[in-house]
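So the structure is just underneath, and the comments pick up after that.
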Amino acid sequence: MTSPRPALALAALLAAAGVTHFAYPEPYDRIVPTALPGTARTWTYVSGVAELAVAAAVAAPRTRRLGGLAAAALFTAVFPANIKMALDARGRSRGEQLATVARLPLQVPLVIWALRVSRSAV
């Protein structure tokens, strides 16, 4: 039997991110691609709910396989917001620009982690 630790750690990461969408929505509002219909705040809240729901699915052994797949899809779906954040950082400090660009490739290990959690589910 595989350890539940990677799944629970992923669930904790997703839950913490989901909570921040409600506690501190402004940074998320700023990175919502303008091509999306509706208000940025709506998308911030929708993505927060999605992260919380996926966290719950990953945490529960019965739904872990589906939760891991949903987490991988979610990490992929939010990638355009990360690109927008990097593009919007142009003209800001060099450190901020580097931080936003460095964040882009971090989505890959997150997707891999989520897929591994999905495959390790019983």
Spell out, yes or no, whether [X] and [Y] are grouped together once hydrophobic residues are joined by side-chain heavy atoms under 4.5 Å, including indirect joins.
{"X": "Ile83", "Y": "Met85", "result": "no"}
{"X": "Trp113", "Y": "Leu8", "result": "no"}
{"X": "Leu74", "Y": "Leu52", "result": "no"}
{"X": "Tyr45", "Y": "Tyr28", "result": "no"}

- Give the C-alpha distance, both sets of side-chain angles, the deciding distance and a yes or no for side chain to side chain contact (heavy atoms under 4.5 Å, CB included) between Leu98 and Arg94. CA-CA 6 Å; Leu98 289 173; Arg94 184 89 168 134; 4.2 Å; yes
If every non-hydrogen atom of [X] is compared with every non-hydrogen atom of [Y], which pair is closest and at what distance?
{"X": "Gly68", "Y": "Val58", "value": "N-CG2, 3.8 Å"}
{"X": "Pro4", "Y": "Arg64", "value": "CB-NH1, 4.0 Å"}
{"X": "Ala89", "Y": "Glu96", "value": "CB-O, 4.3 Å"}
{"X": "Ser118", "Y": "Arg65", "value": "OG-O, 2.9 Å"}
{"X": "Ile31", "Y": "Lys84", "value": "O-CD, 3.4 Å"}
{"X": "Gly67", "Y": "Ala57", "value": "CA-CB, 3.7 Å"}

Using a 3.5 Å distance criterion without hydrogens, assess whether the side chain of [X] forms a donor-acceptor pair with backbone atoms of [Y].
{"X": "Trp43", "Y": "Pro33", "answer": "no"}
{"X": "Thr63", "Y": "Leu66", "answer": "no"}
{"X": "Thr42", "Y": "Gly38", "answer": "no"}

- So, do Ser47 and His21 sit near enough that their side-chain heavy atoms are less than 4.5 Å apart?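 A side-chain contact under 4.5 Å exists here.
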- What's the spacing between Arg116 CZ and Leu10 CG if we round to 0.5 Å?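 Arg116 CZ to Leu10 CG: 12.5 Å, rounded to 0.5 Å.
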- Query: OG1 of Thr44 to CZ of Arg30: how many Å apart, nearest 0.5 Å?
  - Reply: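 Spacing of OG1 (Thr44) from CZ (Arg30) equals 10.0 Å.
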- More than 12 non-hydrogen atoms from neighbouring residues, nucleotides or ligands closer than 6.0 Å to CZ on Phe22, yes or no?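 Counting neighbours around CZ of Phe22, more than 12 heavy atoms of other residues, nucleotides or ligands fall under 6.0 Å, so yes.
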Throw together a table of side-chain donor-acceptor distances under 3.5 angstrom for residues 104-112, partners on residues two or more places apart or in other chains.
| unit_1 | atom_1 | unit_2 | atom_2 | d |
| --- | --- | --- | --- | --- |
| Gln107 | OE1 | Asn82 | ND2 | 3.1 |
| Gln107 | NE2 | Phe75 | O | 2.7 |

